[in-house]
There are 2 protein chains.
Amino acid sequence: MREPLPADMFDELCPSSLNPIRFGDKWAALVIRCLEQGPRRFSELRVPLSRVTPKVLTRSLRSLERDGLVRRTVHVGAAPHVEYELTPLGRSMLQPLAAACAWTAEHWDELLDAREAYDNAAG
Amino acid sequence: MREPLPADMFDELCPSSLNPIRFGDKWAALVIRCLEQGPRRFSELRVPLSRVTPKVLTRSLRSLERDGLVRRTVHVGAAPHVEYELTPLGRSMLQPLAAACAWTAEHWDELLDAREAYDNAAG
DNA sequence: GGGGGTGGTTTCCCCCGGGATACCACCCAA
DNA sequence: TTGGGTGGTATCCCGGGGGAAACCACCCCC
């Protein structure tokens with residue numbers, strides 16, 4: 001059984017807009033990481049991504065779908081719902097994404113220090 | 001002796017804005033690749049990046065400098081000039097950048113096909 | 001038939017990245 | 001003294017990304 005996504009999954013994570021390495025739009029990298037373990041529903045994604053408004057999350061998912069990285073499946077039946085999952089192409093992106101995450105994890109402090117020093121020097 | 005940067009260095013390369021993986025702003029990844037072989041002058045960078053206006057290139061370089069990825073050195077003397085070079089932190093980014101470039105090189109066509117199929121299906 | 005859950009859409013607004021164009025100070029060589 | 005190279009700025013403008021808030025259709029269950 002897949003674990004539900006924890007609400008504080010990205011609390012410690014820097015906002016994407018501060019990271020010089022970006023995959024897709026502002027939230028795409030976090031979406032991809034949410035889908036790493038398997039398919040997720042829209043409302044399921046909204047738990048860790050509570051700071052993302054539904055409009056923006058929809059657009060991000062549509063963009064990933066357009067690029068062939070994510071597949072959107074509508075399950076009809078008694079309790080109809082929608083599931084998003086990574087395609088093989090999307091999975092292939094996990095490798096460079098992991099490389100980027102590793103770099104960020106290793107050098108994030110260094111980068112923030114550089115920014116602070118630059119801002120202090122230049123006012 | 002370092003080779004001068006060829007003017008057509010990025011003619012075959014997809015514009016950064018189409019690539020889902022981005023390092024820094026629109027042109028930062030190309031700037032970093034220009035600095036891979038060693039220090040470069042502003043006017044030297046403008047050769048392969050002829051489509052980038054000086055304002056935008058300056059801002060991109062300033063941003064990289066602020067993040068501690070690039071060092072800007074003013075050489076005073078008889079013929080004063082400015083040189084930009086990668087810092088160790090900037091060099092450390094070459095690895096995830098290479099991973100991202102490899103992914104793009106391998107899957108770019110696939111991604112474009114997915115986009116075309118999506119756009120054709122949805123109008 | 002009312003409430004809750006699902007999966008969004010619509011509208012409005014703001015800001016920032018990016019492009020075009022023009023201009024600029026400094027220095028050197030002719 | 002005039003021109004060219006260097007390394008940029010200044011100004012204007014536009015489009016799109018992103019956020020806030022409200023609303024919505026559909027379905028099931030009580």
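- For B:W27, the listed nucleotide lying nearest its side chain is C:dG19; candidates were D:dG18, C:dG19, C:dG18.
- Judged by atom type and distance alone, B:K55 does not reach the base of D:dG8 through any side-chain donor-acceptor pair under 3.5 Å.
- Straight-line distance from the CG atom of B:L57 to the P atom of D:dA10: 16 Å, rounded to whole Å.
- Taking only side-chain atoms of B:V82, from C-beta outward, the nucleotide of D:dG19, C:dG8, D:dG8 with the closest atom is D:dG8.
- Screening B:R71, B:H75, B:R40, B:R41 against B:E83 for a side-chain hydrogen bond (donor to acceptor under 3.5 Å, both in side chains) leaves a single residue, B:H75.
- Using a 4.0 Å heavy-atom criterion, one finds that B:R72 contacts the sugar-phosphate atoms exclusively.
- Side-chain atoms of A:S43 lie closest to C:dT6 of the nucleotides D:dG19, D:dT6, C:dT6.
- To the nearest 0.5 Å, the span separating CG on A:D25 from CG on A:L64 amounts to 6.5 Å.
- For the atom pair B:S60 OG and B:Y84 OH, the distance stands at 10.5 Å (nearest 0.5 Å).
- Backbone-only contact: A:R41 has heavy atoms under 4.0 Å from sugar-phosphate atoms and none from a base.
- Residue A:H81 places its side chain closer to C:dG7 than to any other of C:dG18, D:dG8, C:dG7.
- Note on B:A78: only backbone sugar-phosphate atoms sit closer than 4.0 angstrom, heavy atoms only; bases stay farther off.
- Nucleic acid contact for B:R22: sugar-phosphate only, since backbone atoms but no base atoms lie under 4.0 Å from a heavy atom of the residue.
- We find that CD of A:E44 is positioned 9 Å from P of C:dG7, with the value rounded to whole Å.
- In this structure, CZ of A:F42 is placed 8 Å from P of C:dT9, rounded to the nearest angstrom.
- The residue A:R46 sits apart from the nucleic acid: no heavy atom pair falls under 4.0 Å.
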